[in-house]
Amino acid sequence: MMRELLQRLLDDLAADRATAYCRLVETRGSTPQKAGAAMLVFADGSQAGTLGGGCVEAEVKRRALAVLDGHRPEICSFQLDSDYGWDDGLICGGRMLVLVEPIAALGEADYFVRLRQALDRGQGCIEAIVFDAEKSGLPAAASFLVSPDGSLIASRHTGTTQTLPAVVAEGLAEAASRPRAQTKSGIAYLPQRARARLLIVGGGHVGQAVANLAVDLDFDVWVLDDRAEYVEPSRFPRAQRLIHGDVGVMLAQLDITTDTYALIVTRGHNHDEEALYHLVDRGARYVGMIGSRRKIRLIFDDLEAQGVSPESLAKVFAPVGIEIGSQTVPEIAVSILAELVAHRNCGGQVPGRPTAIHACDP
């Protein structure tokens, strides 16, 4: 994850260990990683992170070691043909542009400190990195860290420029509206999404399995259960918040935002229904509920009788999870998280979902 890689960079610099920060800024065609991937290369030849492995990564490492000696950033181009990958069978046919930056001391790393802080706040940001000086009119390797509201947080290798150049600002609006990396006028825009909160209602086996995997997928995990022993830190050591109390009472008190993903995996029909009642119209980005199709139909019918609109119920992802033939708890967790990641990365679209259930279905 980017936060961990940046922390490793700052820790090594604090220990006076010079580092080359290698950032994949543009790709064309088939490549093993996409723009935004990053890798650290140290003077002893070791590394952290990856740009996809194979011969091309070895070549990036070789160039990074040379850049460390020269103390000047470089934009390096790699064509993934027979020169990189033949021995490993990795002839992708694409092109990769990598910004390789030597950083000798922590005092040179203010930009990366600010980037780490922005990621820790979870509010999202955009990096604008110049890879073509002729098209952009800006120095190659110039980097601009921009907040969601368009204000400049930090910059690097920009010469005398202290404000956000107009050519950079022109590409920001489109970049802010799309979660994927893109390029314009010789500038790569690498968005870092606002971090989503995953509220798991139910701390049983499925909730536990989902929570433990979700942290690695960059969700902030909250878990709610009415049983104290099911929200012990030993069961959820990486969760950001554990909540014990009556499901309805606690959900009514929680702040549900447009960055909230809510997953209902309680131990029974009544708890599921109560949780959905308190979540269905609260403005969460996603609400999903586990269960058989029969159980879900019954819950939908009950909630519609209580005044919940069919339109609201139609937005619920139930039964939750992409169809992968799940049998075991870990497989169920994988199917659920695949759905969550698809929803987050694909603008709310989830390929592979089962047929939706509606209230009063036969």
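The shown structure was predicted, so the numbers you read here are calculated from the model rather than taken from an experiment.
Glu26 pairs with exactly one of Arg95, Lys34, Gln182 by the side-chain hydrogen bond (donor to acceptor under 3.5 Å, both in side chains) rule, that one being Arg95. Results of the salt bridge (charged side-chain N to carboxylate O under 4.0 Å, His left out) test with Asp259 over Arg197, Arg195, Arg285 single out Arg285 as the only residue that passes.
Here Leu6 is tied into one hydrophobic group with Met2, Leu5, Leu9, Leu10, Leu13, Tyr21, Leu40, Phe42, Ile103, Leu106, Tyr111, Phe112, Val113, Leu115, Leu119, Leu145, Ile153, each link being a pair of ILVMFWY side chains closer than 4.5 Å.
Ion pairing of Arg267 with Asp272 is absent here, as no side-chain N (NZ or NE/NH1/NH2) approaches a carboxylate O to less than 4.0 Å.
By the criterion of side-chain heavy atoms lying less than 4.5 angstrom apart, applied directly or through intervening Ile, Leu, Val, Met, Phe, Trp or Tyr residues, Met96 is grouped together with Val60 in one hydrophobic cluster. Under the 4.5 Å side-chain heavy-atom criterion for grouping Ile, Leu, Val, Met, Phe, Trp and Tyr, Phe131 is not connected to Val168 through any hydrophobic cluster. Under a hydrophobic-cluster definition in which Ile, Leu, Val, Met, Phe, Trp and Tyr are linked whenever side-chain heavy atoms come within less than 4.5 Å, directly or via other members, Leu24 and Leu97 are assigned to different clusters. The hydrophobic cluster containing Tyr230 does not contain Ile264, counting ILVMFWY residues as joined when their side-chain heavy atoms lie under 4.5 angstrom apart, directly or transitively.
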Evaluation steps, side-chain hydrogen bond (donor to acceptor under 3.5 Å, both in side chains), between Asp11 and Gln7: CA-CA 6 Å; Asp11 289 344; Gln7 191 58 53; 2.9 Å; yes
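Taking Phe317 as the reference, Tyr286, His343 meet the ring pair (Phe, Tyr, Trp, His ring centres under 6.0 Å) condition, with sequence neighbours excluded. Scored by the side chain to side chain donor-acceptor pair (under 3.5 Å) test, Lys184 finds no partners at all (sequence neighbours excluded).
The structure places CD1 of Ile296 at 9.5 Å from CG of Leu276, a figure rounded to the nearest 0.5 Å.
Relative to the ring axis of Phe219, Arg344 places its NZ or CZ within 45° and under 6.0 Å from the centre.
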